[in-house]
Amino acid sequence: MSTTDSPKKLDAPQEFTPYTPAEGEEYMNEEQREHFRGLLVQWKRELMEEVDRTMHHMKDEAANFPDPTDRASQESEFSLELRTRDRERKLIRKIDQAIGRVDRDDYGFCDTCGMEIGIRRLEARPTATLCVDCKSLDEIRERQLGR
């Protein structure tokens, strides 16, 4: 995988079977929690593999170029990769927190209002902690405060 593909790893895994709840099925039952646990574990594994690939790439490609332009290009490339890995490290922490919420049967409910976040939203962003309404209000507040 090339370095241009790595930012896509910040997205939730695209290769999974969407969960189809049965009619009248209770929200966040054991089967749903296992579905999301698997999704989170898969995503974390993919991110960790990307970290390993980056480390090997940086070790293999590290060279002391005599030309300052070549050195600057390599340093710029490494800097971009390290910033991406830092974002992934923070995301891995969020994934671990989400797995912890699954373990505590607290996963899938909004931290602000306690309402269901929703299966489709969680499949799109498995680390989501806010429902759509609360997230929208949060974003409006951020814009108003200029953060």
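FYI, the numbering just counts along the sequence from 1. Keep in mind it's a predicted model, so treat the numbers as computed, not measured.
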Do side-chain atoms of [X] reach the backbone of [Y] as a donor and acceptor pair under 3.5 angstrom?
X: Arg89; Y: Val51; answer: no
X: Thr84; Y: Leu80; answer: yes
X: Glu123; Y: Pro18; answer: no
X: Ser136; Y: Val132; answer: yes

> Leu40 and Val102: side chain to side chain contact (heavy atoms under 4.5 Å, CB included), yes or no, with the steps?
Replying inline: CA-CA 10 Å; Leu40 289 160; Val102 170; 4.1 Å; yes

> Which residues satisfy the side chain to side chain donor-acceptor pair (under 3.5 Å) test with Asp96, sequence neighbours excluded?
Replying inline: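 By the side chain to side chain donor-acceptor pair (under 3.5 Å) rule, Asp96 matches Lys44.
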
> Quick one: side chain to side chain donor-acceptor pair (under 3.5 Å) partners of Gln32, sequence neighbours excluded?
Replying inline: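 Once residues adjacent in sequence are excluded, the partners of Gln32 under the side chain to side chain donor-acceptor pair (under 3.5 Å) criterion are Glu25.
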
> Can you name the residues that form a salt bridge (charged side-chain N to carboxylate O under 4.0 Å, His left out) with Lys90, not counting sequence neighbours?
Replying inline: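 Listed in chain order: Asp86.
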
>> Using the salt bridge (charged side-chain N to carboxylate O under 4.0 Å, His left out) criterion, which residues pair with Arg83? Sequence neighbours excluded.
In response: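 Scan of Arg83 (salt bridge (charged side-chain N to carboxylate O under 4.0 Å, His left out), adjacent residues dropped) gives none.
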
With rounding to the nearest 0.5 Å, note down the distance linking [atom1] in [X] to [atom2] in [Y].
X: Lys135; Y: Asp133; atom1: NZ; atom2: CG; result: 13.0 Å
X: Glu81; Y: Glu88; atom1: CD; atom2: CD; result: 10.0 Å
X: Leu47; Y: Arg87; atom1: CG; atom2: CZ; result: 11.0 Å
X: Glu49; Y: Glu46; atom1: CD; atom2: CD; result: 7.0 Å
X: Phe16; Y: Phe36; atom1: CZ; atom2: CZ; result: 8.0 Å
X: Leu145; Y: Arg141; atom1: CG; atom2: CZ; result: 8.5 Å

Write down the atom of [X], the atom of [Y], and the distance for their closest heavy-atom approach.
X: Ile119; Y: Pro21; result: CD1-CG, 4.1 Å
X: Cys113; Y: Cys134; result: SG-SG, 3.8 Å
X: Ala128; Y: Leu122; result: O-CD2, 3.9 Å
X: Glu31; Y: Tyr19; result: CD-OH, 3.7 Å

> With sequence neighbours left out, which residue pairs that include part of residues 104-117 fulfil the side chain to side chain donor-acceptor pair (under 3.5 Å) condition?
Replying inline: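 Passing the test, one end in residues 104-117: Arg33-Asp105.
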
>> According to side chain to side chain contact (heavy atoms under 4.5 Å, CB included), who are the partners of Pro68, at least two apart in sequence or on a separate chain?
In response: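 For Pro68, the residues satisfying side chain to side chain contact (heavy atoms under 4.5 Å, CB included) (neighbours in sequence not counted) are Arg71.
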
> Side-chain contact, heavy-atom cut-off 4.5 Å: Glu34 with Glu30?
Replying inline: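 Yes; the side chains approach each other to less than 4.5 Å.
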
>> Would Ile92 and Trp43 count as a side chain to side chain contact (heavy atoms under 4.5 Å, CB included) here? Give the steps.
In response: CA-CA 9 Å; Ile92 288 169; Trp43 193 11; over 6 Å; no

>> Working note: Thr129 + Gln97, criterion side chain to side chain contact (heavy atoms under 4.5 Å, CB included); need CA distance, chi angles, decisive distance, verdict.
In response: CA-CA 10 Å; Thr129 58; Gln97 291 169 350; over 6 Å; no

> With the 4.5 Å side-chain cut-off for hydrophobic clustering, are Met115 and Ile117 part of the same group?
Replying inline: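 Looking at the clustering, Ile117 is in a separate group from Met115.
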
>> Does anything in residues 108-145 form a ring-ring contact (aromatic ring centres under 6.0 Å, His included)? List the pairs, not counting sequence neighbours.
In response: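 Checked against ring-ring contact (aromatic ring centres under 6.0 Å, His included) - neighbours excluded - the pairs reaching residues 108-145 are Tyr27-Phe109.
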
